[in-house]
Every structure is written in C-alpha cells, then in structure tokens.
Protein chains: 2
Amino acid sequence: MATEIERKFLVQGTDWRTVPGARYRQGYLSTVKERVVRVRTIDDQGYLTVKGITRGATRLEFEYEIPAADATEMLDALCERPLIEKARYRVPYGGLVWEVDEFFGDNAGLVVAEVELTSEDQAFKRPAWVDQEVTGDPRYFNSNLINRPYTRWEA
Amino acid sequence: MATEIERKFLVQGTDWRTVPGARYRQGYLSTVKERVVRVRTIDDQGYLTVKGITRGATRLEFEYEIPAADATEMLDALCERPLIEKARYRVPYGGLVWEVDEFFGDNAGLVVAEVELTSEDQAFKRPAWVDQEVTGDPRYFNSNLINRPYTRWEA
C-alpha cells in the first residue's frame, strides 16, 4: 500500500479541456466507510473495487477487472441510486497530471480537479483554471455525491 | 440465470460424514438484502460474490475468483463480524448431492443440509440423518448467522 496524498480543487472555465476524456459510470454496493464497494465502467472496461477506511496514511484497496456487461448489470439493477456519471480528463500541467472530473446527471455542473503528490509539502504549479481547494471536504467524496448530489445542494 | 430450488434441513448425528469436507471462511462487505457482497475462501481459493434480492424465482448473482491472500485480508480487516466458519461436505445420496454445512466459531453446533431440486414438487429420498425442514427460515440464512449467530439463540 502506497501513501496517497491527493489535493482536490474546484475548477473554473473550460481551459483544462485539452485532452479527450474517458466516460465513467459508477455506483456503490456499499457506502459504509469501513467497507466501500464500488462498481465502475470506464469506457468499455468494468471494475469492482473494495476499499477500507483510511487509517493514518493508508487505506486497504482491492480492485478487480470484471466483464463490462456484469458491471453494467450491477450498475443498472443493484447499485444505490443515483449513479455517478462523469468524464475524466488527465491533463498534464507543470510536470504533474491533473485529473479533472466533469460530472453529469444529478451532479451536473460540478467540475473538480485532483493532483497526486508524493509528500504533503511538495510544491506544485497551480493551473489558471484551478479555483478553491476542497481537499478533505466530505461533500465532494464520490460516495457522498450519491446521497447528496450537487444539483440538490443549497445555494 | 437458472431457477434454483433449494430445500434446507437440520441434521442429526454424524452418519452424513462420509466424504472429506472443504473449509469455508466467509464474511460480508454488505448484508443489505438488495445488494449482498460476500467474501469467501474455500480451502486455498478466494471468491468475491455479489447477489441481488430474489424476485420471483430469479436472483442476480456474480462471482469472481480473486487471490486467496486478498480474500483473507478482506476477511481479517474489512468484513462485518463475526465471520462464518464452516466445513462443507458434498454427500451423494439417492441420486442427488446433499451439501452439509457444519458450522464453527459463533455458530458452532449448527449443522444444516441443503439439496437442490429442479422443480418444487420433485420427489427425493430423505437420508436418515435429515431432521426438521427449515427452508425459508431466515434465521438460517448465512447472512443472518452473522448478526444473530446460533450460539446466541435462546433455547
């Protein structure tokens, strides 16, 4: 298990849209934080992922590739509602890769960017399209965007 | 999806013990009946299984073989407590195969036998070691033997 240090930001404008995106559909069989079970299709690949709770800097995570037809059937018939639908763009900037997630469906209008760092104090160049930091804000966790989707947040 | 008709019985004595058993350790990442997620090791094989709710005679079920080390780590660190520990014996009798589950741990003392039939009115020969029928009794569902294990049932 590697230590992941991720910082998450809101995104403004569309200048980040410099690469083609991959289409994500994902849903949850469990959103209990001690044992999250996620089903996902990325374009035409299926994945089943099990995640534990974060303890210190580590989190157990197991991911398996599964037939996309199975994943689609689980998403359509079994997963909690609503599903998360988004496009992910891997945008190179300043020697790092920013993952920009543009949400659709019940979370339409939300665009967030994440960058993975190797230490908490690592300096990095911030793209002009990066806005307010929301690292650690649970409202933006994908598992919480199901129970409280962005389009239903109060102004 | 095949229609499964299973009848479940309590077991008396030890005359059923005519074949070697396989060791099962299993736990649950979700016991929500609409989306059960089960982790299992059978001897040295690992499995991750997703099951939907039974609607009429059908139930969605997806099973994946996973590394036994992953399954063991999920069982030890992530699954709901207690785990289900049992030995399963596949006992041939009267042209059918009876699956006898002998439970250990928090369910020690419980032994049940299941037989799979192809129709609800299929006649079958009942072994002498088969006792009371408990088909459909939710107390005996493996997913319920976690929250209410057999050793804690009231007499």
Please check if A/Val134 and A/Phe141 belong to a single hydrophobic cluster, counting links between Ile, Leu, Val, Met, Phe, Trp and Tyr side chain heavy atoms closer than 4.5 Å. no

Can you check whether B/Phe62 reaches A/Ile66 side chain to side chain, under 4.5 Å on heavy atoms? no

Given that the side chain runs from C-beta out, which part of B/Val50 has a heavy atom under 4.5 Å from chain A: side chain, backbone, both or neither? side chain

Note, B/Tyr64 side chain near A/Pro67 side chain (heavy atom, < 4.5 Å): yes

Are B/Ile5 and B/Leu96 connected, step by step, through hydrophobic side chains (Ile, Leu, Val, Met, Phe, Trp, Tyr) whose heavy atoms are closer than 4.5 Å? yes

So which of B/Arg35, B/Glu34, B/Glu80 has the largest heavy-atom pair count under 4.5 angstrom toward chain A? B/Arg35

May I ask you to name which of B/Val32, B/Leu48, B/Leu78 has the most heavy-atom pairs under 4.5 Å with chain A? B/Leu78

Under 4.5 Å heavy-atom distance to chain B, tell me which part of A/Val37 shows up: side chain, backbone, both or neither. side chain

Check the surroundings of atom CZ in B/Arg23: do more than 12 heavy atoms from other residues, nucleotides or ligands lie under 6.0 Å from it? yes

Starting from B/Phe104, can I reach B/Val100 by hopping between I/L/V/M/F/W/Y residues whose side chains sit under 4.5 Å apart? no

If two hydrophobic side chains count as joined below 4.5 Å and joins carry through other members, does B/Leu117 share a cluster with B/Tyr93? yes

